[in-house]
Amino acid sequence: MGNAKSKSTMVYEALRDAIVAGRYTPGYRLTISTLAKEFGVSAVPVREAIRWLQAEGFVEYTHNVGAQVTQIDVTKYADSLRVLALLEGMATASSAPHLTGADLATARKLNDEMRFVVGMPVFDSANYRKLNEQFHAVLTSASPNSRLISLMKREAERVALMRRTSFEFDAQRSMTSVQQHHELLNLIEGGADATEIEIFARQHKLASLERSLNTLTDTEPVAGTETTTAT
């Protein structure tokens with residue numbers, strides 16, 4: 001049984017990594033027999049791995065189709081980003097007092113790189129996204145609450161997956177985001193109150209939701225989001 005569980009974990013981690021990295025895109029069919037052959041295992045650990053992924057929302061079953069990577073749902077994206085905004089705000093606030101000078105210097109360097117990317121004649125959205133994720137990872141890296149960080153990373157993976165396949169950053173609004181990153185760093189370096197840091201970081205993330213949904217649907221701002229613009 002222990003060996004079977006180990007095989008299930010191996011398949012689960014490999015499939016999850018492929019989905020999060022975008023190698024398996026929404027709608028990609030996960031055929032049990034094909035995957036079992038690919039991983040050199042029986043069908044049992046593959047089925048178990050797919051069940052775990054289904055429980056996490058990465059895989060869905062469709063009638064007459066079977067298991068496939070979950071299709072992007074705008075409502076689910078909004079819910080995930082709202083949750084991530086809450087978690088990341090808390091994580092940034094709890095991390096702030098423990099960040100070193102080197103951590104903050106790294107964050108500022110990443111933000112400077114984002115400013116450079118935004119200023120280029122051709123905006124490299126993928127590179128900006130990567131730098132943005134690294135920036136926020138630094139600011140939350142010193143949080144002593146490991147459970148909070150674990151939950152935040154899980155939700156961030158969902159958001160990154162949906163954002164990669166359905167939403168894009170744009171240069172104009174990304175410059176506003178870079179400016180807000182600078183303000184957030186000033187708050188942290190200035191020893192601002194944890195509540196002030198948490199609220200600023202949360203609003204920063206929620207503004208990304210408003211921008212993404214307005215860009216995609218051309219509708220009014222989604223209820224529950226802030227009015228500032230950031231990513």
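These numbers come from the heavy atoms of this one structure, side chains and all, not from hydrogens, waters or symmetry mates.
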Requested in this report: Using side chain to side chain donor-acceptor pair (under 3.5 Å) as the criterion, list what pairs up with K153, not counting sequence neighbours.
Outcome: none
Query - Residues that F200 engages under ring-ring contact (aromatic ring centres under 6.0 Å, His included), provided they are two or more places apart - result: none
Query raised in the report: Sequence neighbours excluded, which residues qualify as salt bridge (charged side-chain N to carboxylate O under 4.0 Å, His left out) partners of D112?
Result: R115
Report task. Please answer whether the main-chain N or O of T100 pairs with a side-chain N or O of D103 as donor and acceptor at a distance below 3.5 Å. Result -> yes
**Report entry** Residues in side chain to side chain donor-acceptor pair (under 3.5 Å) contact with T195, at least two apart in sequence or another chain
**Finding:** D193
Report summary line: Sorted by chain and residue number, the side-chain contact (heavy atoms from CB on, under 4.5 Å) partners of A43 (sequence neighbours excluded) come out as I32, R47
Requested in this report: Identify, with sequence neighbours excluded, every residue that meets ring-ring contact (aromatic ring centres under 6.0 Å, His included) alongside Y24.
Outcome: Y28
Query raised in the report: Can you name the closest pair of heavy atoms from A107 and L185 and give their distance?
Result: CB-CD2, 3.8 Å
Query - Set of side chain to side chain donor-acceptor pair (under 3.5 Å) partners for R29, sequence neighbours left out - result: none
Report task. Keeping the roles fixed (side chain from S141, backbone from V138), state whether a donor-acceptor pair exists under 3.5 Å. Result -> yes
Query raised in the report: Quick one: salt bridge (charged side-chain N to carboxylate O under 4.0 Å, His left out) partners of E60, sequence neighbours excluded?
Result: none
**Report entry** Non-neighbouring partners of N127 that pass side chain to side chain donor-acceptor pair (under 3.5 Å), sequence neighbours left out
**Finding:** none
**Report entry** For E196, all residues meeting salt bridge (charged side-chain N to carboxylate O under 4.0 Å, His left out), sequence neighbours excluded
**Finding:** none
Requested in this report: Sequence neighbours left out, what passes side-chain contact (heavy atoms from CB on, under 4.5 Å) with S143? Give chain and number order.
Outcome: S94, S95, N145, L148, I149
Query - For R108, all residues meeting salt bridge (charged side-chain N to carboxylate O under 4.0 Å, His left out), sequence neighbours excluded - result: E189
